[in-house]
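Presented below is the structure to which this report refers.
Quick caveat: nothing in here was measured; it's all calculated off a predicted structure. Here is how names work: the chains are called A, B, and so on, in the same order as the sequence lines, proteins then strands, and each is numbered from 1.
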Amino acid sequence: MKKFIAVKNAKLRSEAGGGAIQELARAMLASGLVDRVLTFAKGLDEEDLLPAFIDKADDVGNMALNAYAPYSLSRFVRDYGEGKLAVIGRTCDIRALLELRKRNGLNEADLLTVGIACSETPDRQNCLRCEYRVPFMADLSCVLAEDGTLVEATGDKGAQALGTGSFEELSPSKEIFDAEAARQVALAEQAAAFELQHASPAERLAYWFGQFDKCIKCFGCRNSCPLCYCKDCVLEADRGLVRGGEIAPARLFHLTRLAHVADSCLNCGQCEAACPMGIPISKLYHMLNKELSAVFGFTPGINADLPPLFGFDEKEKSDDSTLFGGR
Amino acid sequence: MKLVPSICPYCGTGCGMLLIVKDEKVVGVEPWERHPINEGKLCLKGWSAHQFVHHPGRLTSPLIRKNGELVEVSWDEALDFTADKLKGIVAEHGADAVGFLASAKCTNEENYVLQKFCRYLGSPNVDHCARL
Amino acid sequence: MVRQLLDTVGIEPGRVRCEWISSAEGTKFARVIAEFVEEVKALGPSPVVKTA
């Protein structure tokens, strides 16, 4: 059930989305539904947006909504998320949390996700080809409009969270839905039109290996990836492919990481944003991910489906032709 | 957990970084998008810069070797000791016998002062770690 | 998946092949290896070497 809500307070109401998200954060903290809220907040100046844990209901005024900053909230949940936590983030943050959850990287019971649809697409390549603008996989899926917020609780958890706040339910004008639908279509078309790759294999090889050769092995792509959850990273551990403690040659480094992450790449672009050498890593991962999605029928971060190669089918176990069967 | 803006200590580039501080301890590093020098990018050293802060091997006070063993001493004692030795060496062997190593981890001003001090003693021997 | 990966960066996927061969299937093993060697020879030297 979609609702169109705003706060009653006239001052807050002038904020984006009718102040509903701020009120939601305040109410969740005040009611004790959550201990902390992880979101983007203003840092040193208006344009300095940093991830922040907010634990006092009075501090929600510092929240910065609907602006792009290249930090992945899900990594902060993974590394520093304790207690009852609500995450208010972009769709890619919510999708990453969903994927981490599948990999036992998070404690599900204590996490509440509030997704905010990106209203403008930042001028970043990965955002231009993003297909998931509206966070329908979050507990609360929100779209900010000028004087109110379209919100949809996708389950009991979301409904409970929404119930803590005091909102005024507005009757949205038809224009708001029409404008939202039109924007959705425009962005979907933009994503579909995004040119992935049309070069010959030889050109592809020259291009990608040329890019890999720029690599200075800062491990920034690994560090900034919201999905890299291995305690013992395949690029550092002694697992035969790369000797433990040694740094892999640039091409092997990238192919290894590609093979390890591509099945679950969310196209969030964090790796590319962190790359000092400007290698379009996210594009490569996204390309391979699209092809693998077609093969395995798995799209990361949209539902509870497990990634490919995550376990055995019952059929596989009893099948004589596989390694584990027939004994 | 909070993020504290800071500057990478490793080289003269001066990349901006956010120190991840948890329970009054630096536990991680995040590149700082808003910093004009690096615009949200870090090298391998920057990404690992938090590791030395609370490392048990880090020197937290001056050490002087006494009877073959390194002993922790106060800054006053260390500075007096160094000044005495420097004066002694310059008096006995001339200023050419001493040299100074500046550091990319220091500020420009600190390095300028070191260079000035070296000239004052009359030694031409100044070098630093970034001259690789 | 490895084949797809190699194809994406422009290396011929034919350079990788996965076959299940039991320890009892000596002739099959010999045949597959011989076939694969011919296939890779037909593809020629690795393009990776050329770009190095």
Non-neighbouring partners of Ala86(A) that pass side-chain contact (heavy atoms from CB on, under 4.5 Å), sequence neighbours left out =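 In terms of side-chain contact (heavy atoms from CB on, under 4.5 Å), with neighbours along the sequence ignored, Ala86(A) is linked to Met28(A), Val34(A), Val37(A), Leu112(A).
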
So for [X], is it side chain, backbone, both, or neither that comes closer than 4.5 Å to the heavy atoms of chain B?
X: Leu44(A); value: side chain
X: Gln270(A); value: neither
X: Asp55(A); value: neither

Does Lys2(B) reach the main-chain N or O of Ala52(A) with its side chain, forming a donor-acceptor pair under 3.5 Å?
->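 No, Lys2(B) side chain to Ala52(A) backbone: no donor-acceptor pair under 3.5 Å.
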
Neighbourhood of chain B inside residues 219-228 of chain A, taking heavy atoms under 4.5 Å as contact |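 The stretch touches chain B at Phe219(A), Gly220(A), Asn223(A), Ser224(A).
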
Full working for side-chain contact (heavy atoms from CB on, under 4.5 Å) between Asp79(A) and Met1(B) = CA-CA 10 Å; Asp79(A) 296 340; Met1(B) 195 270 338; over 6 Å; no

Which portion of Val29(B) sits near chain A, non-hydrogen atoms under 4.5 angstrom |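 Contact with chain A involves no heavy atom of Val29(B) at all.
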
Under 4.5 Å from any heavy atom of chain A - which part of Glu33(B) =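 Interface part for Glu33(B): both.
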
Between Pro31(B) and Tyr71(A), what is the shortest heavy-atom contact and its length?
->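 Of all heavy-atom pairs spanning Pro31(B) and Tyr71(A), the closest is O-CE2, 3.1 Å.
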
Carboxylate-amine/guanidinium contact Lys22(B) Glu82(A), below 4.0 Å |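 So Lys22(B) pairs with Glu82(A) through a salt bridge.
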
Ile216(A) and Leu44(B): side-chain contact (heavy atoms from CB on, under 4.5 Å), yes or no, with the steps?
-> CA-CA 8 Å; Ile216(A) 60 169; Leu44(B) 182 56; over 6 Å; no

Is Phe52(B) atom CZ crowded by more than 12 heavy atoms from other residues, nucleotides or ligands, each under 6.0 Å away?
->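 Yes - once you tally the heavy atoms of other residues, nucleotides and ligands closer than 6.0 Å, there are more than 12.
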
Above 12 or not: heavy atoms from other molecules or residues under 6.0 Å from NZ of Lys214(A)?
->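 Yes, enclosed.
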
If you tally heavy-atom pairs under 4.5 Å against chain B, which of Cys218(A), Ala273(A), Pro276(A), Cys275(A) wins?
->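 The candidate making the most pairs under 4.5 Å is Cys218(A).
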
Sub-4.5 Å side-chain heavy-atom contact between Glu30(B) and Arg75(A) =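 Yes, their side chains come closer than 4.5 Å.
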
With a 4.5 Å heavy-atom cut-off, do Phe53(A) and Leu3(B) have their side chains touching?
->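 No, side chains not in contact.
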
